[in-house]
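Taking it in order: structure first as structure tokens, then the write-up.
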Amino acid sequence: MTDEPTDPAVERFLDRAASALDDYDEGYADADATLATLRTHVDELSASVEESEE
């Protein structure tokens, strides 16, 4: 572990990704829906990174 703070966008992504995977594990979402959700969260994180680089 590092002492560097975690970017809020990364924390948000990790929380949302974990939630999507939990829904899948519990049977509330199928694989296609889970992948679509994860893809959306990856896109949001990518956009956040691009904004911070400008």
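Summarising the geometry, atom CD belonging to Glu50 is positioned 10.0 Å from atom CG belonging to Leu45; distances are rounded to the nearest 0.5 Å.
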Result block: side-chain N/O donor-acceptor pairs under 3.5 angstrom for residues 8-26, not counting sequence neighbours:
from, atom 1, to, atom 2, distance (Å)
Arg16, NH1, Glu44, OE1, 3.0

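For Ala33, the side chain to side chain contact (heavy atoms under 4.5 Å, CB included) partners are Ala29, Asp30, not counting sequence neighbours.
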